[in-house]
Structure formats: C-alpha cells, structure tokens
Amino acid sequence: MIDLKWLREEPELFRAGARKKRIPCDIDGLLALDARARELQRTVEELRARQNALGKQVAKATGDEKARVLAELSELKGALKDSEAGWEGLKKEIDAGLLRIPQPPAAEVPEGKDDTENKEIKRVGEPTRFDFEPRDHGALAEAQGWIDFERAARIAGSRNYVLIGDLALLEFALMRFALDHMVRKGFVPLSVPVLVRSQCMVGTGYFPGGEEQAYRCDERDDLVLAGTAEVPVTSFHAGETLAEADLPKRYVALSSCYRREAGTYGKDTRGLYRVHQFQKVEQVVVDVADAERSLAHHREILSNAEEVLQALEIPYRVVDVCGGDLGAGQVQKFDIESWMPSRKGWGETHSASRFHEYQARRLELRYRDAQGKVRHCHTLNNTVAASARLLICVLENHQQADGRVRVPAPLRPYLGGRERIGRAL
RNA sequence: GGAGAGGUGGCAGAGUGGCCGAAUGCGCCGGCUUGCUAAGCCGGUGAUCUCCUUAUGGGGAUCCGAGGGUUCGAAUCCCUCCCUCUCCGCCA
C-alpha cells in the first residue's frame, strides 16, 4: 500500500507510475474522496469534542440544568451518527482504492508492455549443446520410471505429478542444498505455515487482485494456501515495531507452494513447467526504509540465487522486468531465466523483488529508527530454488546420451555421493 | 471437541461506569547530588489521524486483543470473533 499523504503531495508521480506499469487506477477520484473525507472528519471531531465537553457537565449538573444538557446531547447524537456513518463509508472506499494504487517503479525500470519487453542484463553460460538428440524432462523421467503424471491426475487432477525414486531424492537434494547455501550465508531458516489467513495475502500484496490464483479453504475458515513462503515469512513480524538494531532480518524458508494457474488452460500443459504444487526455498529480507540499502539487498539476494545456478552448472540469464510486467507492489524486479533445452529457450526459475514500504505498510511491519521515530520497513524477496522448474533444468541440461543424468557436484553429498542417477536406456 | 482463566503503555502490573491515555514499579531520556560505571533526588518518557502555526509549538479526535451493542458517558456492562494459558478428550 502506498502512503496517502505522499499521494496527496505528488499525485503525478503515482499517475506516471501506474502508466508505466500499465495498471489502470483512478487517482483523481481517490483524491476527491480523500478531500471529502477530511472535511467530514472535521465535522465529526467538532461534534465529538462538543459531546465530550457536555458529557463532563452531566456528571456535575443537577435538576433543570442537567435536563437541558441531556436534551442537547440527544440532539447532538443524531447529527453525530450521520456524520460518522458518512466518514466511515468514505474511509472504507479510500482504503479499498488505496490497496489498488501501484507502487511507482524505480526510474531505471525499462519501459515496456509485457514480458516480451523485459531487458536482458546478464547472461551466464550458453545454451547447452548436445551431440545427441536430447530428451525432454517428461520423456526422460517417464523412461526412467521417475515420474507418474497419470496417477497424479487421478489423485489430484491435471498439472500434478508424482516423483518416484531417485527423482524424489533429487528434489530433496536440491531443496536441502539451496537451504544450506542460505544458512551458510547467515539467513535464519524458518519453517512456516503455508495455510495462511487472507490478511497475509493482502499484507504481501497478492490480494486484492490475485484471488483467482490462490486456493481458498471453504467458508468455515478464512485460510488460503500461499503460493510462496514469501507470504508467511514476510508476515512473520507483521504488526510489530522492531528495533533498528535487530535489522536487517534475513530469513530463508522451505515450503510447498500452491498455484491454481487459472487462465492458463492449454498453456504448458505437459511436464513440470506449470504445476499446482511444488517445493521452493525462498529468501526474504526486512530492513530499514533506505532506498540505497534496499537496492544493495536486492543485488545480494539476486546473486545468492545466481550462485545456486552456477553451482548446479545451469546456464541462465537475468532480465530487468519492464514496467508493464511488474506487479502493483514491486519497485523493481529481476527475473532469472534458466536454460530449458526442451523449450529451446529460457524459462523463469527465480524472481527477485524489492518493495520499499509497500508490503510493510499493509502488514504494519515497522521499526523504531535512531531518532525514536516509528517507520515502515523495506522488504524484499527472491527464490533460492523452486523444485519443479529447477528439476527440468537439472534433468535436461545434465542428461547423457544413454539417458542417465549427471548429478552436479554440490548435490552429490545429498545423494549418497553418486555422480549420476538412472540406468542406461 | 468439552470445561475454565486471561488478553491494559518498552516490560511487569493496578484499575468493575464520568475525577483514566490510564496508578505503581522497572526500563529509558534529561538534570542534580555524591571525589570514582553504585545508591539517592527532581523532571520527562506511547501511537495514529486532523487542524492551526511552522525554528520550535499549540488545539482537537481516536486507541486498554478485534468488531459490534447498551449508555448522556465504556478499559470497566452485554454480544461475536481472534489469540494465549490450564485441565479433559482426540490425535501425528
């Protein structure tokens, strides 16, 4: 959520930001509501002040005097009720509108309408070349008996999978390696609920707007299956006022992630690329409200993820996501796209975002600065490793002509030291 | 799932209808005193919104888990929800 006072002062900044993100919103309408609300607030507060003053007299007054004051009070009550109702109504409208005003993107964010206009800023490694006809991960895994899409569909519908044997172990290896990598860097590991209150979804910026992408429990509980550990982890200190000395907070969490993938019917229907559930290790940073420090963290969490891909010997590129492809809350986002031979292209495996105060304001996540002033924190997050898509990369890039798969060195300790998995096909 | 207790300021903990934004203690900040980083003494010490003034400052409103209600008036009474704790049941 953006700061209403800031919006009042610099509406043009927000208009331009919304244009760059291609997100329609009615800023002038919101400001008009705000002006009316403040006018009503003055009325309400004057009436309340009068009420409070008269109320004090009631206690002391007696006889006629008391009757007179009570009469005025009951009259006042009606007027107050009307003004209050009007004010409350406007405030609700304003809050709802405010949740939809996008955070202006950083100046350096490239102009562009969608992901086709994201700007490649770095490339590490080149697309893998094979001296044989490479298999796609689905064919490879099925041939090895590592995956079962059919039975998964019977259990849970389409876009699901069952990993079997060494591929199941490879998933755990990947997750554990990613987690250990971050713990070595001083990130505090958290094991968190992924079934979260919808308030957390609002707090992290997924709602309103992302409801269709999330699984919701029935009406008995106001709970939603989070699409990423970012939601519970960023919400961890919600409602708190942290001490500046305790910042930055660096957390890493492994969780299952749930995505409805509504509106993607017919897109990437085969394989592990687009699935309803996967495992992910996520990194989250919470720090003071300082744009420079935020940017430094952004670079750091990006390079943390790059290190994982480099260790796994997977070619990748980094793109600076353009305005039109940014979410409402993000100041800037760098996606990492890893090479997926079956797609003959780069597929998004990581997404590093920084939000400035956008999430913290919604979450009431604050800290007390050196001057004793309470301010909203800055938050950031990035993938460390997401299972399904990274499994595609490992299987496809490291496959051998005989159908076996080479295990990259850092994963071997988690697989009993084996250098390859599978049998010759 | 059943029974009970409770949620108050940075912390501890009073407060059962107006004198309570809230005693007291601790902590913290400023000052005094004492020849030494201790004790003592004095003063100060929450947040949000809004208006006026803007160097500073001042007025008002709201906030005692959240939301409703009763009342001229609610931290105090009633209802709903959330959370914590204890006991029982169930369970991984």
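Throughout, a chain's letter reflects where its sequence line sits, starting with A, and its residues are numbered from 1.
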Around [X], counting heavy atoms of other residues, nucleotides and ligands shown, do more than 12 lie under 6.0 Å from its [atom1]?
{"X": "A/Glu292", "atom1": "CD", "value": "no"}
{"X": "A/Tyr215", "atom1": "OH", "value": "yes"}
{"X": "A/Arg216", "atom1": "CZ", "value": "yes"}
{"X": "A/Arg418", "atom1": "CZ", "value": "yes"}

Partner of [N] by Watson-Crick or G-U wobble geometry, both contacts under 3.5 Å, or none?
{"N": "B/U16", "value": "none"}
{"N": "B/A38", "value": "none"}
{"N": "B/U45", "value": "B/G27"}
{"N": "B/U76", "value": "none"}
{"N": "B/A3", "value": "B/U86"}
{"N": "B/G9", "value": "none"}
{"N": "B/A22", "value": "none"}

With nearest nucleotide decided by heavy atoms, which residue, A/Val374 or A/Arg197, maps closer to the 5′ end of RNA chain B?
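Per heavy-atom nearest nucleotide, the more 5' residue is A/Val374.
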I want to confirm an ordering. Mapping A/Leu4 and A/Lys56 to their closest nucleotides on RNA chain B, which one lands closer to the 5' end?
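Between the two, 5'-proximity favours A/Lys56.
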Using a distance-only test with no angle check, is there a side-chain donor-acceptor pair under 3.5 angstrom linking [X] and [Y]?
{"X": "A/Glu142", "Y": "A/Trp146", "value": "no"}
{"X": "A/Gln359", "Y": "A/Thr204", "value": "no"}
{"X": "A/Tyr251", "Y": "A/Gln283", "value": "no"}

Taking only the [atom1] atom of each, what is the distance from [N] to [M] in whole angstrom?
{"N": "B/A92", "M": "B/C77", "atom1": "C1'", "result": "44 Å"}
{"N": "B/U48", "M": "B/U53", "atom1": "P", "result": "23 Å"}
{"N": "B/C52", "M": "B/U34", "atom1": "C1'", "result": "48 Å"}
{"N": "B/A75", "M": "B/A66", "atom1": "C1'", "result": "15 Å"}
{"N": "B/G18", "M": "B/A5", "atom1": "P", "result": "25 Å"}
{"N": "B/G21", "M": "B/C26", "atom1": "P", "result": "25 Å"}
{"N": "B/G67", "M": "B/A74", "atom1": "P", "result": "15 Å"}
{"N": "B/G6", "M": "B/C78", "atom1": "P", "result": "12 Å"}

Sidechain-backbone polar pair: A/Asn118 side chain, A/Cys322 backbone, donor-acceptor under 3.5 Å
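Answer holds: yes.
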Counting primed atoms plus P, OP1 and OP2 as sugar-phosphate and everything else as base, spell out the protein contacts along nucleotides 59-72 of chain B at 4.0 Å heavy-atom distance: B, S or - for each nucleotide, 5' to 3'.
-BSS---------B
Using a 4.0 Å heavy-atom cut-off across all strands, classify A/Arg8 as base, sugar-phosphate, or nothing.
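Answer is sugar-phosphate: A/Arg8 comes under 4.0 Å of backbone atoms only.
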Between P of B/U50 and CD1 of A/Ile94, the distance in whole Å
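After rounding, the reported distance stands at 10 Å.
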For A/Glu72 and B/G73, what is the distance between atoms CD and P respectively, to the nearest whole Å?
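Rounded to whole Å, this separation is 14 Å.
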Is the distance from OP1 or OP2 of B/C49 to the nearest side-chain N or O of A/Lys91 less than 4.0 Å?
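The answer is no; no side-chain N or O of A/Lys91 sits under 4.0 Å from OP1 or OP2.
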